[in-house]
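Numbered from 1 within each chain, the chains take letters A, B, ... in sequence-line order.
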Number of protein chains: 2
Amino acid sequence: MALKHIAESTVRRLSDYLRFLEELEAQGQQTVSSGELASLGGTTSAQVRKDLSFFGSFGKRGLGYTVTALSRSLRQILGLERTWKVAIIGGGKIGRALAQYHGFRERGFDVVAVYDIDPARIGVSLDGVVVRDQRDLDADLTTLAVDIVLLAVPAEAAQPLVDRVTSAGIRAILNFAPVPVQASSRVAIRSVNMALELEFLAYELVNRDA
Amino acid sequence: MALKHIAESTVRRLSDYLRFLEELEAQGQQTVSSGELASLGGTTSAQVRKDLSFFGSFGKRGLGYTVTALSRSLRQILGLERTWKVAIIGGGKIGRALAQYHGFRERGFDVVAVYDIDPARIGVSLDGVVVRDQRDLDADLTTLAVDIVLLAVPAEAAQPLVDRVTSAGIRAILNFAPVPVQASSRVAIRSVNMALELEFLAYELVNRDA
DNA sequence: TGTAACTTGTGAAATCATTCACAAGCGGAA
DNA sequence: TTCCGCTTGTGAATGATTTCACAAGTTACA
Ligand SMILES: NC(=O)c1ccc[n+]([C@@H]2O[C@H](COP(=O)([O-])OP(=O)(O)OC[C@H]3O[C@@H](n4cnc5c(N)ncnc54)[C@H](O)[C@@H]3O)[C@@H](O)[C@H]2O)c1
Ligand SMILES: NC(=O)c1ccc[n+]([C@@H]2O[C@H](COP(=O)([O-])OP(=O)(O)OC[C@H]3O[C@@H](n4cnc5c(N)ncnc54)[C@H](O)[C@@H]3O)[C@@H](O)[C@H]2O)c1
C-alpha cells in the first residue's frame, strides 16, 4: 500500500480529516467533497485530494467521498482499527491531567498504567488507574504489552527513561519534557513543547505586520 | 531586521538553539560552533547557520559564536526580552496543570489570570492565581493587558471564545481543544493536539519499516 | 440520448526548505 | 609575516511539498 515515504504533514492532515468525517458521520451526512474537507481543515481541495492519493483512490468523480467509507479507510491507514495501550511515566501535574483525559480513550488509546518515583504519589488512583512505582516499569511494559509511552517527568529524567523504555522494547514515545530526546531510528518519538509554542507566539506578536 | 517572511520551522529551531545556549551559559562555556548547536538539536551545522543568517551575522569565522551574545540576540529576535502576560481560559484538568506549570514563568510568560464558567471552580487558588468568573474575561483582558490567551476548554467552547477574545483585542492564542479554530490573519493561533500526536505515533508503529 | 454541473485523480509547475560546497575571515604558532 | 586549522556566511543545487490545471468520470434531468 504505502510504498514510498509519506510526509509527516500529510499524515497529520489525515488525522484532521478523520475527525471531520466522524463529525459529519454523527450529523448523518452521506458524502463529502474534497473542498468541504478542505474548508473544515483550513487547507485546499487539491491538498486533500493529493494527501489521499498517496494511499489510493477513495472518491467518486462528480460525487465526492462516502463519509463512512473514507472514515474507515483513514482509520485503517492510521492504524486506528485497534486500540493502543499507553503508559504514562510521571504522575505529577501534567501526568495526572493526561491520565484523566477522556479524549485519549475515545480515540482508541487506553491508559493502562501510570508510574512515579515519589512514594507520596504512588498508590493514588486516577480515574481507575492506580499510580505504580517506577521500579515495576520495565517488567510491566512487557507484561501489560504497552505500545506507547508518555513521558511526563522533569527534563533531566527524560533521556534516561527513553533509554530504559526502549531497552524494554517500546517503539513509540510522546515526550512532554522540554528537552530533545534521542533514540534509535527504530523508535518513533514526538515531543510536545508548550513553552516553545508560547515563544513562537511571542515571535509572531513582535514580528507580525511589522 | 527581519524583512522577508521567515519559515515557522526556522523560528522553532531558534527557540531550541536558545535553550541550548542557556544551558551552555550555565555551564560556563564561552563559545559554540554551529556544529555543536546542530548536534544538540539533531540538525545540521548548515541548517543552524542558515537559520541565523536570516536575521544577521552573529559569529566569528574560525571561532564560532559567543554564547552570551548569541543568546541575547536570539532572545531579542524571539521577543523574549520582555515578559508576556498570559490568561488561561478553563480551569479544568489541563488548565490547572498549565496554571501551576513553572516552566512558563521561567521563560518569561506570566500567568496573570485563570477563568472558568463552573461556580465550583471559581475562587479556587492555583499557585497564587485565583480562578475568576468568565464573565469578567472581556473587561479583564484589557485591564490586565493580557498578551496571550491559552484555551483549555471543551471543544465546543473553543471557537466562541476565540471570537470573544479577539474582539477584545487579543492577537495570540494557544488552543488545547482538539478542534481547529479560526480568526483573522492578524491573530496568531497555534493548536496543541495531543490525541493527534498519538495518532501519528500509531501510524508510525504500523508503517515504520513495513 | 445529450448536456450541464460537479468532482476526482494526477502529472507538471511553482514554491518552499534543506543541504552542499567553498571563498573568506580569524587566531595561534613559528 | 606566513601558514595551518578551524569556522562562518551564503549563493547555488537539490529535495520536498504544495498548488495548478485539466482530462475523465458521475449524476441529474430534460
Ligand atoms: N505542568 C504542565 O502544564 C506542563 C506543561 C508542559 C510541560 N511540562 C513538562 O512535563 C514534565 C512534568 O511536569 P509537571 O508539571 O507534571 O511536574 P511535576 O513535578 O508535577 O511532576 C513530575 C513527576 O515526575 C515524577 N518523577 C520524577 N522522576 C521520575 C522517574 N524517574 N520515574 C517516574 N516518575 C518520576 C515526580 O515524582 C513527579 O511526580 C516536566 O518536564 C515539565 O517541563 C509540564
Ligand atoms: N486533560 C488533558 O490532559 C487534555 C489533553 C489534551 C487536550 N485537552 C483538551 O483541553 C480541553 C480541556 O480539557 P480538560 O481535560 O481540562 O477538561 P475539563 O472538563 O477538566 O476542563 C474544562 C473546563 O472548562 C470550563 N469551561 C467550559 N466552558 C467554559 C467557558 N465558556 N469559559 C470558561 N470556562 C469554561 C469547564 O467548567 C471546565 O472546568 C478539552 O478541549 C480537551 O480536549 C485536555
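Applying the side-chain hydrogen bond (donor to acceptor under 3.5 Å, both in side chains) test to pairs two or more places apart or on separate chains, those with a residue in residues 138-152 of chain A are A:Arg82-A:Asp147, A:Tyr115-A:Asp140, A:Arg132-A:Asp140, A:Asp138-A:Arg164. Counting only residues at least two apart or on different chains, the side-chain hydrogen bond (donor to acceptor under 3.5 Å, both in side chains) pairs with a member in residues 169-185 of chain B are B:Asn175-B:Ser191. Identified under the salt bridge (charged side-chain N to carboxylate O under 4.0 Å, His left out) test for residues 65-79 of chain A, with sequence neighbours left out: A:Glu22-A:Arg75.
With sequence neighbours left out, the side chain to side chain donor-acceptor pair (under 3.5 Å) criterion links B:Arg12 to A:Glu197, B:Glu8. Partners of A:Asp118 according to the side chain to side chain donor-acceptor pair (under 3.5 Å) rule, which considers only residues two or more places apart in sequence or in another chain, do not exist here.
Rounded to whole Å, the distance from CG on A:Leu52 to C1' on C:dG9 is 10 Å. For the pair A:Asp51 CG and D:dT18 P, the interatomic distance rounds to 7 Å; values are reported in whole Å.
Of the two residues contacting DNA chain D, namely A:Arg13 and A:Gly62, the nearest-nucleotide position lying further toward the 5' end is that of A:Arg13.
OP1 or OP2 of C:dT18 has not a single side-chain nitrogen or oxygen of B:Thr43 nearer than 4.0 Å. Close to D:dT26, at under 4.0 Å from its OP1 or OP2, lies no side-chain N or O of A:Tyr65. Phosphate contact (OP1/OP2 of D:dT19, side-chain N/O of A:Gln47, threshold under 4.0 Å): present. One finds no side-chain N or O of B:Ser45 lying less than 4.0 angstrom from the OP1 or OP2 phosphate oxygen of D:dT7.
Of the candidates B:Arg19, B:Arg107, B:Arg13, B:Arg19 is the only one forming a side-chain contact (heavy atoms from CB on, under 4.5 Å) with A:Leu196.
Contact check of residues 23-37 of chain A against DNA chain C (heavy atom, cut-off under 4.0 Å) returns A:Ser33, A:Ser34.
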Between side-chain atoms of residues 23-30 of chain A and protein atoms elsewhere (two or more places apart, or another chain), which donor-acceptor pairs fall under 3.5 Å?
{"unit_1": "A:Glu25", "atom_1": "OE1", "unit_2": "A:Ser71", "atom_2": "OG", "d": "3.4"}
{"unit_1": "A:Gln29", "atom_1": "NE2", "unit_2": "A:Thr31", "atom_2": "O", "d": "2.9"}
{"unit_1": "A:Gln29", "atom_1": "NE2", "unit_2": "A:Glu36", "atom_2": "OE1", "d": "3.4"}
{"unit_1": "A:Gln29", "atom_1": "NE2", "unit_2": "A:Glu36", "atom_2": "OE2", "d": "2.9"}

Name each donor-acceptor pair under 3.5 Å that joins a side chain in residues 86-105 of chain B to protein atoms two or more places apart or in another chain, with its distance.
{"unit_1": "B:Arg96", "atom_1": "NH1", "unit_2": "B:Gly91", "atom_2": "O", "d": "3.1"}
{"unit_1": "B:His102", "atom_1": "NE2", "unit_2": "B:Asp127", "atom_2": "OD2", "d": "3.0"}

Close N or O pairs between protein and nucleotides 20-23 of chain C (under 3.5 Å):
{"unit_1": "C:dA21", "atom_1": "N6", "unit_2": "B:Arg49", "atom_2": "NH2", "d": "3.3"}

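Side chain of B:Ser53, nearest nucleotide from C:dG27, D:dT17, D:dT10: D:dT10.
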